[in-house]
Amino acid sequence: MRIDVKNNIINNLKIMSQEDNQTFAHQVYAIIAAIPSGNVITYGQIAKMAGMPTYVRQVCLVLRRLPKESKLPCHRIINSQGYLSVKGDTYQKYKLKLIEEGIKFNHKDKIDLKIYGWNN
DNA sequence: TAAATGACTTGAG
DNA sequence: CCTCAAGCCATTT
């Protein structure tokens with residue numbers, strides 16, 4: 001994705017947070033929806049982009065409360081170490097989706113954030 | 001009301 | 001690279 005397009009999305013999100021009286025959760029939704037296919041984002045990045053850098057754990061709460069039928073690309077969210085944090089059946093499901101989007105896992109199931117991370 | 005819990009992050013060693 | 005402890009804070013127990 002081109003840098004200017006990326007920055008546009010980020011700027012729009014900032015404007016939203018300033019002008020709209022949106023909840024933290026709604027900003028999290030908007031940010032997740034904006035992650036391009038083929039890219040991943042970390043929990044901490046989401047918190048920062050939502051203007052609440054210390055609300056990492058709240059990002060997790062929001063995610064856990066998402067309905068199963070949600071269409072948000074939650075599989076594109078990984079931890080800062082480069083690993084998928086989800087456990088069990090969801091893990092394989094997310095991994096498959098990421099592979100379909102062209103993301104490569106190394107021999108330890110780790111994703112290279114330098115390559116696939118959606119950097120600001 | 002108090003304590004435990006988390007799909008986490010960071011820095012130190 | 002990896003592990004570990006401390007920090008985090010609304011929600012659950």
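Just so it is clear: chains get the letters A, B, ... in the order the sequence lines come, proteins before strands, and each one is counted from 1. Model, not experiment: these values are computed from the prediction.
Taking hydrophobic clusters as Ile, Leu, Val, Met, Phe, Trp and Tyr residues chained together by side-chain heavy-atom distances below 4.5 Å, L72(A) shares a cluster with M49(A). The hydrophobic clustering, which links ILVMFWY residues whose side-chain heavy atoms are closer than 4.5 Å, places V86(A) and V62(A) apart. Cluster annotation: M52(A) and L61(A) are assigned to distinct hydrophobic clusters (Ile/Leu/Val/Met/Phe/Trp/Tyr, side-chain heavy-atom contacts under 4.5 Å, transitive).
Rounded to whole Å, atom P of dA7(B) lies 16 Å from atom NZ of K93(A). Counting to the nearest Å, the C1' atom of dA7(B) and the CG atom of L98(A) are 13 Å from each other. Put simply, CD1 on I41(A) is 14 Å from C1' on dA7(B), counting in whole angstrom units.
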- Task: Mind running side-chain hydrogen bond (donor to acceptor under 3.5 Å, both in side chains) on Y94(A) and D89(A) for me, showing each step along the way?
- Result: CA-CA 9 Å; Y94(A) 282 11; D89(A) 49 336; over 6 Å; no
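Contacts between residues 56-86 of chain A and DNA chain B, defined by a heavy-atom separation below 4.0 Å, involve V56(A), R57(A), C60(A), L63(A), R64(A), C74(A), N79(A), S80(A), Q81(A), S85(A), V86(A), listed by number. Contact check of residues 99-115 of chain A against DNA chain B (heavy atom, cut-off under 4.0 Å) returns no residues at all.
For K48(A) and dT10(B), the shortest distance from a side-chain N or O to OP1 or OP2 is below 4.0 Å. Contact annotation: Y55(A) reaches the phosphate of dA10(C) (side-chain N/O to OP1 or OP2, under 4.0 Å).
Looking only at distances, a side-chain donor or acceptor of N79(A) sits under 3.5 Å from a matching main-chain atom of G82(A).
Listed here is the closest heavy atom pair of I32(A) and C74(A): CG2-N, 4.3 Å. Pairing each heavy atom of R76(A) with each of G38(A), the nearest pair is NE-N, 4.5 Å.
Nucleic acid contact for Y94(A): base, since at least one base atom lies under 4.0 Å from a heavy atom of the residue. Within the 4.0 angstrom heavy-atom criterion, no nucleotide atom of any strand lies near T90(A).
Residues D112(A) and N106(A) fail the side-chain proximity criterion, which asks for heavy atoms closer than 4.5 Å.
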